[in-house]
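Please read the structure below before turning to the comments.
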Amino acid sequence: MEMESKVYLLDYGAGNVRSLINAVDKLGFKIQPITCIEDFDKADKIIFPGVGNFGKAMQSLRSLGYFDALLNYLRKDGKFFGICVGMQCLFEGSDEAQEEGAQGLGLIPGRVTKFDCSTRSVPHMGWNKVFLHKTDASGNSTPYGIDFKNHYYFVHSYRVTPSTDNSDWMLGSTLYGEDRFISTIQKGNILGVQFHPEKSGQAGLRLLASFLSDDCWLKGPCRTLEPEIPTDKDFLTKRIVACLDVRANDQGDLVVTKGDQYDVREEGQVRNLGKPIALAKQYYEEGADEIAFLNITSFRSCPLQDQPMLEVLQGASLEVFVPLTVGGGIRDIANPDGSVTPASEVAGAYFRAGADKVSIGSDAVDAAEAYWKCKKLTGSTPIETIARSYGSQAVVVSIDPRRVYVTDPKETEHHTIATAQPGPQGEKFCWFQCTSQGGRTGRDLDVVQLAIACQKMGAGELMINSIDRDGTGLGFDLELIQQVRENTSLPLVASSGAGCSAHFQQVFSLNPPPEAALAAGIFHRKSLPLPVLKSELVAMGLEVRSN
Ligand code: 1PR
């Protein structure tokens, strides 16, 4: 019977709603888009997965004529689930929206404001916990299946701070550093979360299922809990990213491969370590917090409709409910008829296919070099155009640096470090040179220059590979990560060289540490499966997400 209830999706086309649709589908429900004002009267339930930015969301609601219809629906206590910006829109307004007429729905007192980025990385990106402030009359302490034991996936730069005016709405709060913000709101039939249930693995699917199946605790008076909120420590986990380097092998099959210092051939053949979608599903089930797909032959030109990774993303997003990143070939694409598909359209195609973030390699190096030539932003680089349309959190820059040794820092104008791993001639200094085309071309740009320029352009995260460490199992290049860390406040993903769990512990012991660590070979070769890695990290005292 419940299968027939009309669940509507309020979408204004700003990013990846594919995962939410897939999650609802996976749970056995059907969801249909709202296409006209009358749909608000027909709906039994509405899900509003705000993606992108507050101003754009509110302007879209107004221009589509949905503002009043949604407000009426909410005032009548219609069943509603707002996700991320979809929850923020219920408040009075947001500092994110400069546009005129971008006030919020004003249902809940309070304003959405930005995290302070002087003390920690912004956006708040990753898996964190929700402290619950209410139970139902019977003392059920996991309303909607939300459980303090679980972690949920957050990605946002703006948040609402609890106040006496909105305390009756606050169902859950979360700490980021010492900053406590509202992460779940609920009153009557209206529910909202700052995190993404469709990206929060099994814990998120349980919450969605609870909303969809009416298995709610909403009826009857509730009791207010005043949980002890520790203010000295948040529960943001260290993320573990499983990376799949994808390319066609010599037989033309799309396979996951893996290089040693970027060389993916063994006895002349491309290493074949499995099929991309099957491996992604396996790593998701084993507890990967994120999956990255890199098209490592993206330097070959290929029109958008022939991009093999689109199909991979479509397939993976049916089965994988943690964030998906896709990289390789995110740039302006020349088509056979001479036309050009701009990078933001290429990215848009990947978001619609199910990606949450795109990762930009070679094009970021070009853009950073151009930036340092004139020290001005053009507004037209792929990083800028994609960040403007889809938000900074959706733009990762992937760096492929290699060490260049010098005996004296005066030999170069690049940012050098004194290294504890001297060069082949005993050189005691080095700089980290950016490369493009997967390490094929060395550039006159170092990682510090790249990181600074990309942050200015609006990138949301940096993935730091190392050609020297890739596939070696010798551990992450801690000096490289440290140098980038000291020069940017962007969230960092340390990559290349992981061989055992102690290597993760080392990289997460940097001060300040990177937000995530990525590995490939140890998972593909099963020398350190994800469940073993995670349990060893827990034993080492690190906050990681349990499956
Ligand atoms: O330049 O925007 O088209 O993007 C190309 C992308 O493809 C870049 O992100 C680049 O890093 C990647 N890439 C290109 N060639 C290779 C190669 O290996 N021949 N892969 C390549 C980079 C590095 C990581 C690897 C980690 C962890 N591979 O993806 O997964 O080093 O490995 P490990 O744990 O086994 O040490 P564009």
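When a ligand or atom number is given, it counts from 1 through the structure's own listing order. Because the structure is predicted, anything quoted here is derived from the model rather than measured.
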Self-check item: Atoms of ligand 1, numbered as shown, that sit under 4.0 Å from any heavy atom of N465
Solution: 11 (O), 23 (C), 24 (C)
Quiz item: Got an N/O contact under 3.5 Å between Y262 and ligand 1?
Solution: yes
Quiz item: Is it true that K258 and D470 make a salt bridge, defined as a side-chain N closer than 4.0 Å to a carboxylate O?
Solution: yes
Quiz prompt | Reference residue I330; test side chain to side chain contact (heavy atoms under 4.5 Å, CB included); the match among V396, I386, D363 | solution = I386
Quiz item: For I330, is at least one N or O under 3.5 Å away from an N or O on ligand 1?
Solution: no
Practice problem: Would you mind checking if E319 and K26 are paired as a salt bridge, meaning a charged N to carboxylate O distance below 4.0 Å? | Solution: yes
Quiz prompt | Numbered atoms of ligand 1 (with element) below 4.0 Å of G329, judged on heavy atoms | solution = 2 (O), 3 (O), 37 (P)
Quiz item: Is ligand 1 less than 4.0 angstrom away from at least one heavy atom of D400?
Solution: yes
Self-check item: Test: K199 cationic atom under 6.0 Å from Y153 six-membered ring centre, within 45° of axis
Solution: no
Quiz prompt | For D260, side chain to side chain donor-acceptor pair (under 3.5 Å) partners two or more places apart | solution = R271
Practice problem: Run down the list G471, G328, C243 and name the one with the heavy atom closest to atom 30 (O) of ligand 1. | Solution: C243
Exercise. Indicate yes or no: does an N/O atom of D245 lie under 3.5 Å from an N/O atom of ligand 1?
Key: yes
Exercise. Taking side chain to side chain donor-acceptor pair (under 3.5 Å) as the test, write out the residues that go with R402, two or more places apart.
Key: none
Quiz item: What atoms of ligand 1 come within less than 4.0 Å of a heavy atom belonging to A519?
Solution: 34 (O)
Quiz prompt | Check: Q261 side chain, D468 main-chain N or O, donor-acceptor pair, under 3.5 Å | solution = yes
Quiz item: Can you tell me if G327 has a non-hydrogen atom under 4.0 Å from ligand 1?
Solution: no
Quiz item: Can you list the ligand 1 atoms lying under 4.0 Å from a non-hydrogen atom of S398?
Solution: 8 (C), 9 (O), 11 (O)
Practice problem: Identify, by atom number and element, the atoms of ligand 1 in contact range of L518, meaning under 4.0 Å from any of its heavy atoms. | Solution: 26 (C), 27 (C), 30 (O)
Quiz item: Do S19 and E198 get their side chains close enough for a donor-acceptor pair, meaning under 3.5 Å?
Solution: no
Practice problem: Looking only at distances, please establish whether an N/O atom of ligand 1 is found under 3.5 Å from an N/O atom of S496. | Solution: yes
Quiz item: Does D366 pair with R443 as a salt bridge, N-O distance under 4.0 Å?
Solution: yes
Quiz item: Which atoms of ligand 1 sit under 4.0 Å from any heavy atom of G521?
Solution: 33 (P), 34 (O), 35 (O)
Practice problem: Output, in order, the C-alpha distance, side-chain angles, deciding distance and verdict of ring-ring contact (aromatic ring centres under 6.0 Å, His included) for F154 and Y176. | Solution: CA-CA 10 Å; F154 290 81; Y176 182 35; 9.3 Å; no
Quiz item: Is the closest heavy atom of G259 to ligand 1 under 4.0 Å?
Solution: no
Self-check item: Proximity of K258 to ligand 1 by residue part, where a heavy atom lies under 4.0 Å
Solution: side chain
Practice problem: Quick one: look at S362 and ligand 1, take heavy-atom pairs under 4.0 Å, and tell me if it's side chain, backbone, both or neither. | Solution: both
Self-check item: Electrostatic pair E461:K357 at N-O distance under 4.0 angstrom
Solution: yes
Quiz item: Should the proximity of A520 to ligand 1, defined as any heavy atom under 4.0 Å, be assigned to the side chain, the backbone, both, or neither?
Solution: both
Quiz prompt | S495 and ligand 1 - part of the residue with a heavy-atom distance under 4.0 Å | solution = side chain
Practice problem: Mark up the atoms of ligand 1 that fall under 4.0 Å of a heavy atom belonging to L294, in ascending order. | Solution: 9 (O), 29 (O)
Self-check item: Stepwise ring-ring contact (aromatic ring centres under 6.0 Å, His included) check, H414 with W431
Solution: CA-CA 7 Å; H414 287 293; W431 60 282; 3.9 Å; yes
Exercise. With heavy atoms only and a cut-off of under 4.0 Å, state how D470 meets ligand 1: side chain, backbone, both or neither.
Key: both
